[in-house]
Visitor: 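Pasting a structure here, questions to come.
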Amino acid sequence: MASLLAENTFPLIFLLLTIFSSSKAELHAHYYDQTCPQLEKIISETVLSASIHDPKVPARILRMFFHDCFIRGCDASILLDSTATNQAEKDGPPNISVRSFYVIDEAKAKLEQACPGIVSCADTLAILARDVVTMSGGPYWNVLKGRKDGRVSKASDTVNLPAPTSTVDQLIQSFAKRGLGVKDMVTLSGGHTLGFSHCSSFEARVHNFSSLHSIDPRLDTEFALDLRKKCPKPNNNQNAGQFLDSTASVFDNNYYKQLLAGKGVFSSDQSLVGGYRTRWIVEAFARDQSLFFKEFAASMLKLGNLGGFENGEVRLNCRIVN
């Protein structure tokens with residue numbers, strides 16, 4: 001199956017590029033070639049500088065992009081600040097820990113100097129997401145551009161984001177509602193190769209898991225005991241937690257190897273090994289990093305084309321509507 005997956009990758013990416021280029025929003029890789037030819041350079045230099053000062057930036061930006069696209073499509077609604085009359089997405093419970101909005105602010109300010117009123121915040125975030133993957137050792141893809149920025153952002157909508165406790169069936173259903181298949185779900189979950197989780201997202205797996213098991217039996221015993229030490233009960237260190245991958249600053253396929261070894265931090269991650277529709281994909285990616293990279297680029301193109309941005313605007317400030 002892995003070889004079949006690999007053989008179909010390049011035609012798939014070509015097909016996606018063809019379809020997306022003619023989509024309603026007319027997304028295409030060269031959208032700003034004439035109006036803001038320096039945007040990719042401006043954005044990449046901004047995020048590289050930020051990441052040098054704060055190594056957590058790549059994981060945070062990638063997570064921000066996922067959380068934005070999953071609510072109203074990739075319309076930068078996650079970037080809007082709350083107002084006196086509206087609590088925005090960024091203040092919804094699943095997004096409280098989303099950080100590094102300042103990177104988007106910095107990139108957008110530079111873009112407004114170079115080409116005022118041209119580049120949307122949604123496209124800026126999409127390019128940033130690609131750049132943090134590439135600069136961390138992952139694949140490169142041509143980001144399709146032409147999104148507009150949404151004017152609506154509601155914290156209540158964030159209940160629709162996949163949770164770290166989701167079952168494999170719940171994950172499949174959540175992604176399917178957004179037009180993303182099982183393979184896309186397993187592939188995009190690989191974004192957890194970058195990142196860190198606080199104890200609150202997984203401590204239930206290592207403390208009184210059930211009436212029969214103190215620790216989630218799917219976990220490797222030694223790994224579970226290590227998690228328990230890092231997240232004791234009671235825990236007075238709110239910064240305590242665990243990296244989601246033993247090579248958490250590098251974009252690679254180690255995440256999938258850890259799942260097969262019973263070392264998935266989130267219950268939702270570990271569930272990918274137990275599902276007959278998902279395990280073979282985990283195994284294929286664990287064996288072949290280049291295959292994972294190719295599929296990740298293809299799935300990011302699909303994720304980035306989730307609608308909701310066709311009738312928006314180009315915000316001058318990503319935090320507020322014009």
Side-chain angles (χ1 to χ4, degrees), residues 25 47 50 54 56-109 111-112 119-129 132 147-166 170-171 173-175 177-180 188 191-192 195-204 238-239 241 266-268 303-322:
V47 72
D54 182 0
K56 296 177 182 178
V57 164
R60 288 172 170 175
I61 295 296
L62 187 57
R63 182 178 180 224
M64 190 186 300
F65 180 65
F66 287 153
H67 282 215
D68 180 49
C69 294
F70 253 71
I71 301 300
R72 294 178 173 274
C74 307
D75 67 345
S77 54
I78 196 173
L79 305 181
L80 288 170
D81 285 341
S82 293
T83 66
T85 58
N86 179 67
Q87 188 177 38
E89 285 174 34
K90 64 169 57 172
D91 292 320
N95 286 335
I96 293 296
S97 58
V98 176
R99 297 285 187 271
S100 298
F101 291 102
Y102 72 90
V103 179
I104 288 85
D105 294 336
E106 290 180 5
K108 178 62 172 174
L111 289 170
E112 284 303 307
V119 183
S120 68
C121 299
D123 279 342
T124 301
L125 180 54
I127 296 169
L128 282 167
V132 297
R147 299 168 186 81
K148 301 303 179 187
D149 301 321
R151 301 182 180 90
V152 177
S153 181
K154 295 184 179 296
S156 57
D157 289 339
T158 61
V159 298
N160 296 314
L161 288 167
T165 55
S166 296
Q170 289 171 333
L171 289 172
Q173 291 171 7
S174 178
F175 277 69
K177 288 179 181 178
R178 293 156 178 84
L180 299 168
L188 293 172
H192 285 168
F196 176 89
S197 172
H198 292 103
C199 294
S200 58
S201 294
F202 62 84
E203 61 189 359
Q238 295 188 1
N239 293 320
F266 293 153
S267 177
S268 58
L303 176 68
N305 197 54
L306 292 184
F309 45 71
E310 291 88 353
N311 299 313
E313 63 186 8
V314 175
R315 285 185 224 140
L316 303 182
N317 180 333
C318 293
R319 293 176 177 267
I320 58 176
V321 296
N322 290 344

Visitor: For D105, what residues pass the salt bridge (Lys or Arg N to Asp or Glu O under 4.0 Å) criterion, not counting sequence neighbours?
Guide: R319
Visitor: Return the minimal non-hydrogen interatomic distance between D54 and P58, and the atom names on each side.
Guide: O-CD, 4.3 Å
Visitor: For D123, enumerate each residue passing the salt bridge (Lys or Arg N to Asp or Glu O under 4.0 Å) test, keeping only those at least two apart in sequence or located in another chain.
Guide: R147
Visitor: Carefully, step by step, assess K154 and N86 under the rule side chain to side chain contact (heavy atoms under 4.5 Å, CB included).
Guide: CA-CA 7 Å; K154 295 184 179 296; N86 179 67; 3.9 Å; yes
Visitor: Are L128 and F65 close enough that some pair of their side-chain heavy atoms sits under 4.5 Å apart?
Guide: no
Visitor: Where do D149 and A122 come nearest, in terms of heavy atoms and distance?
Guide: OD1-N, 2.7 Å
Visitor: Would a 4.5 Å heavy-atom cut-off, applied to side chains only, mark C318 and T124 as touching?
Guide: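 A side-chain contact under 4.5 Å is absent here.
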Visitor: Which residues pass the side-chain contact (heavy atoms from CB on, under 4.5 Å) test with A50, sequence neighbours left out?
Guide: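 Residues passing side-chain contact (heavy atoms from CB on, under 4.5 Å) with A50: V57, Y102, V103.
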Visitor: In Å and rounded to the nearest 0.5 Å, what is the CG to CG distance from L180 to L306?
Guide: 5.5 Å
Visitor: What distance do F66 atom CZ and H192 atom NE2 have between them, rounded to the nearest 0.5 Å?
Guide: 7.5 Å
Visitor: Listed by chain and number, what are the salt bridge (Lys or Arg N to Asp or Glu O under 4.0 Å) partners of E313, not counting sequence neighbours?
Guide: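 Expected list: R151.
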Visitor: Sequence neighbours left out, what passes ring-ring contact (aromatic ring centres under 6.0 Å, His included) with F70? Give chain and number order.
Guide: F175
Visitor: Can you tell me how far CZ of F202 sits from OG of S197, rounded to the nearest 0.5 angstrom?
Guide: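 It comes to 5.5 Å.
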Visitor: Please identify each residue that fulfils side-chain hydrogen bond (donor to acceptor under 3.5 Å, both in side chains) with S77, with sequence neighbours left out.
Guide: D68, D75, E89
Visitor: Minimum heavy-atom separation for M64 and L125, please, with both atom names.
Guide: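 Nearest heavy atoms, M64 then L125: SD-CD1, 4.0 Å.
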Visitor: Would you say E112 and V119 make side-chain contact, with heavy atoms under 4.5 Å?
Guide: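 E112 does not reach V119 side chain to side chain.
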Visitor: Could you walk me through whether R72 and S153 satisfy the side chain to side chain contact (heavy atoms under 4.5 Å, CB included) test, starting with their C-alpha distance in whole Å, then the side-chain angles of each, then the deciding distance to 0.1 Å, before giving a yes or no?
Guide: CA-CA 8 Å; R72 294 178 173 274; S153 181; 5.9 Å; no
Visitor: Could you pull out all residues at least two apart from S82 that satisfy side-chain hydrogen bond (donor to acceptor under 3.5 Å, both in side chains)?
Guide: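 Counting only residues at least two positions away or on another chain, S82 forms a side-chain hydrogen bond (donor to acceptor under 3.5 Å, both in side chains) with D91.
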Visitor: If you compare all heavy atoms of T158 against all heavy atoms of I71, which two are closest, and at what distance to 0.1 Å?
Guide: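 Looking at all heavy atoms of both residues, the shortest contact is CA-CD1, 3.9 Å.
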Visitor: Check A155 against A88 and note the closest heavy-atom contact, atom names and distance.
Guide: CB-O, 3.3 Å
Visitor: Who passes ring-ring contact (aromatic ring centres under 6.0 Å, His included) against F196, sequence neighbours left out?
Guide: H198, F243
Visitor: Going through the distances and angles, do D157 and V152 end up as a side chain to side chain contact (heavy atoms under 4.5 Å, CB included)?
Guide: CA-CA 11 Å; D157 289 339; V152 177; 5.6 Å; no
Visitor: Tell me, please, which residues at least two apart from Q173 pass side-chain contact (heavy atoms from CB on, under 4.5 Å).
Guide: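 So Q173 forms no side-chain contact (heavy atoms from CB on, under 4.5 Å) with any residue.
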Visitor: Mind checking whether K90 and L80 have side chains closer than 4.5 Å, heavy atoms only?
Guide: no
Visitor: Counting C-beta onward and ignoring hydrogens, is there a side-chain heavy-atom pair between C121 and K108 closer than 4.5 Å?
Guide: yes
Visitor: Do you know which two heavy atoms are closest between G150 and R315, and how far apart they sit?
Guide: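 Nearest pair, atom of G150 first, then R315: O-NH2, 2.8 Å.
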Visitor: Side chain to side chain contact (heavy atoms under 4.5 Å, CB included) for I104 and I61? Distances and angles first, verdict last.
Guide: CA-CA 9 Å; I104 288 85; I61 295 296; 3.7 Å; yes
Visitor: With the side chain counted from C-beta on, respond yes when Q87 and S156 share a heavy-atom pair under 4.5 Å apart, and no when they do not.
Guide: no
Visitor: Output all residues satisfying salt bridge (Lys or Arg N to Asp or Glu O under 4.0 Å) with K148, sequence neighbours left out; order by chain, then residue number.
Guide: none
Visitor: Applying side-chain hydrogen bond (donor to acceptor under 3.5 Å, both in side chains), name anything that partners N160, two or more places apart in sequence or on another chain.
Guide: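 Testing N160 for side-chain hydrogen bond (donor to acceptor under 3.5 Å, both in side chains), a comparison that skips the adjacent residues, returns none.
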Visitor: What pairs with A59 under side-chain contact (heavy atoms from CB on, under 4.5 Å), at least two apart in sequence or on another chain?
Guide: L194
